[in-house]
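First the structure, in the form of structure tokens, and then the observations on it.
Note that ligands are numbered from 1 as they come in the structure, with each ligand's atoms numbered from 1 the same way. Residue numbers run from 1 in the order of the sequence given. Keep in mind that the numbers below use all heavy atoms, side chains included, and drop hydrogens, waters and symmetry copies.
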Amino acid sequence: MAESVDVRDRIEDLREQVRYHNRRYHVEDAPEISDAEYDSLYRELEALEGEHPELVTPDSPTQRVGGEPLEGFEEIRHSVPMLSLANARKVEDLHEWDARVRRLLGDDESPRYVTERKIDGLAVSLRYEKGRFVRGATRGNGAVGEDVTANLATVRSIPERLDDDPPEVLEPRGEVYMTLEDFEKLNRRQEEEGKPPFANPRNAAAGAIRQLDPRITARRPLKIYLYGIGEGGEGFESHSRMLDRLKDYGLRANPHKLHDSIESVIEECLHAASERESLPYQIDGVVVKVDSREQQLALGSVARAPRWAIAYKFEPLAGRTKLLDIHVKVGRTGALTPQAVLEPVNVGGVVISRATLHNEDYIKEKGILIGDTVVVERAGDVIPQVVKAVVEERDGDEREFAMPKYCPVCGEPVSRPEGEAVTRCVNSRCPAQALEHIIHWSSKSAMDIDGLGEKLATRLFDLGFIKDAAGIYDLKAEQLVPLEGFGEKSAQNLIQAIDRSKEQPFSRVLYALGIRHVGAVTASLISRRFGGDDLMDGADVERLTEIDGIGEVVARAVVEYFDLEDNRDLVRRLMERGLDFEREEDGTTDGPLSGKRVVITGTLERPRSYYVERLEAAGGTFTSSVSKNTDYVLAGEEAGSKLARARELGVPVLDEAGFEELLSS
Ligand code: IVH
């Protein structure tokens with residue numbers, strides 16, 4: 001009996017601690033403990049709950065992810081309607097709005113304003129009862145939304161419990177969104193998995209929230225900013241006070257600024273417009289609100305928008321233009337990517353004349369025709385995309401796009417394997433691939449040939465000086481000197497940089513070969529088991545998949561690569577030119593990490609290779625996927641599924657400091 005009380009207490013204590021650190025990390029962006037420490041708390045909680053399933057409660061932080069797929073969403077009527085906002089498109093609109101507010105309030109009541117960023121995501125309403133998260137809904141039509149509780153429960157910045165004595169019922173409202181970085185990563189993953197990419201972060205966030213399977217939502221990195229309260233929001237004397245209280249409750253409140261005049265508000269709007277493109281997430285304007293609750297009540301609402309707030313909307317980062325043609329670009333791996341050739345259009349200050357159309361299926365699904373008026377969108381540094389066709393503007397002269405049957409560069413037949421979205425040119429001598437391959441070969445993460453960037457590589461390729469990667473090593477200073485922009489010195493420098501690249505280890509060479517599915521990490525795994533000769537002599541799928549972290553698909557790609565005579569010829573010529581094809585040491589050194597398998601994931605302070613080297617010097621082995629045999633996971637910022645998997649399996653997670661500590665132990 002006494003034991004079960006102790007266990008109960010310990011579980012509660014652990015839950016409190018995990019919740020607290022979740023808040024520090026996900027809500028306040030200010031973690032106090034290392035991931036390893038967090039992990040140890042979380043694992044202890046999980047273990048105790050495992051031993052005492054009767055003590056598991058739905059609000060335990062361990063219960064966040066999971067839940068079975070739903071058949072559909074239930075409808076939820078909002079207890080207080082979710083309003084929309086009137087728009088201001090010009091500075092004059094803000095002056096007019098200010099004048100109206102002042103007129104309605106009477107002269108002696110000068111309003112104070114609050115500004116917040118208008119986040120371009122999906123509006124949701126959360127419901128906490130007695131401080132517990134019980135329900136979450138989409139905005140829907142403002143009166144009725146959809147019950148997306150299970151999905152919102154997977155969003156890390158939505159706490160399952162509130163702190164600091166919240167009211168009995170509290171309905172915080174805000175915007176669920178995805179950062180641009182996470183959006184790009186997600187789209188890369190979508191394409192790799194042959195799934196259609198999302199047009200923009202808002203669609204990706206909305207798509208994630210409207211998933212019937214919460215486990216899929218859990219894999220989408222969503223965040224929330226809260227900017228209002230439905231039920232439970234009546235008692236606050238001002239909007240700014242309410243936002244501060246949201247923070248006290250442990251919620252991620254949208255940052256705000258206070259202003260005593262409309263001039264100051266306008267200054268903020270213009271400032272926000274100028275910094276918009278440097279933010280990590282998309283905003284489409286600034287929301288201006290009257291701060292005083294009393295004044296808000298006096299002003300009231302018209303239609304479904306309050307008179308006390310207005311949205312200053314930026315120029316959209318979308319524009320309409322004509323799709324003149326669709327060109328097909330051939331990449332390094334031979335992938336054919338359709339590219340929109342557009343009538344140049346100014347989208348938020350940048351003139352766009354090219355945009356991606358991803359692949360054949362994307363064009364079909366969107367029903368886009370050549371000659372259509374289309375909507376193009378751009379966001380930050382993300383490649384502009386054609387989002388949709390404006391069907392009403394058709395005049396009958398439009399025509400369908402057909403993926404070419406022959407490579408537009410080399411004229412050889414292309415192929416699109418069953419179940420894949422990508423069409424490829426499989427001719428390894430295709431000049432388009434050859435040039436892209438040369439560019440990849442000399443890039444920083446591959447052979448790192450200083451000075452041989454995309455521009456120069458293209459020029460030397462067009463001149464016929466370099467035909468493939470091996471040709472780089474035949475280049476002579478005398479060939480370069482007469483070229484515009486070159487002198488004796490710079491020609492020598494380039495030749496030296498090329499020579500230096502011969503010192504790169506085999507793992508780099510293997511990566512630089514540009515074998516499909518073989519990234520830097522995979523190349524490093526293979527290079528420790530096989531040397532160039534072994535691969536040339538016929539490493540088979542079975543032996544390759546024996547390497548921890550190498551699956552069928554990768555193994556097959558490697559075997560296919562070394563089967564093709566053209567590739568074998570290239571490898572032979574690279575060997576003749578002195579490139580390193582020697583198998584690498586496989587980290588059997590004695591040290592504090594002898595025999596330990598470590599996975600490295602996320603963005604770390606230094607290049608990944610640094611940690612791999614340190615790890616191997618300490619006797620550890622670097623592996624690429626997390627399994628129950630993994631001893632540690634070193635996780636940096638934005639670590640995704642590997643970190644989640646580690647937590648799931650109870651594998652200790654380290655940050656950089658934890659890693660260094662381990663090395664010095
Ligand atoms: S306040 C009563 N604040 O904009 C006012 N809305 O057009 C209700 N939005 O549906 C909204 N950021 O999805 C408010 N800081 C912010 C916002 C914001 C984005 C969205 C929200 C709403 C739409 C209104």
Handout entry: Pairwise salt bridge (charged side-chain N to carboxylate O under 4.0 Å, His left out) hits with a residue in residues 289-314, at least two apart
Key = R112-D291, E116-K289
Completion exercise
For residues 114-172, the ring-ring contact (aromatic ring centres under 6.0 Å, His included) pairs (sequence neighbours left out) are Y128-F133
Problem - Closest contact, heavy atoms only, S84 versus P306 - result: O-CD, 3.1 Å
Could you list the donor-acceptor pairs under 3.5 angstrom formed between side-chain atoms of residues 242-250 and any protein atom two or more places apart in sequence or on another chain?
| unit_1 | atom_1 | unit_2 | atom_2 | d |
| --- | --- | --- | --- | --- |
| R245 | NH1 | D164 | OD2 | 3.0 |
| R245 | NH1 | D248 | OD2 | 2.9 |
| R245 | NH2 | D164 | O | 3.3 |

Problem - Close aromatic pair by centroid cut-off 6.0 Å: Y225 and Y177 - result: yes
Problem - Those protein residues which place at least one heavy atom below 4.0 Å from ligand 1 - result: L83, L85, E116, R117, K118, I119, A123, R139, E175, Y227, N254, V287, K289, P306, W308
Problem - Check: N254 side chain, R117 main-chain N or O, donor-acceptor pair, under 3.5 Å - result: yes
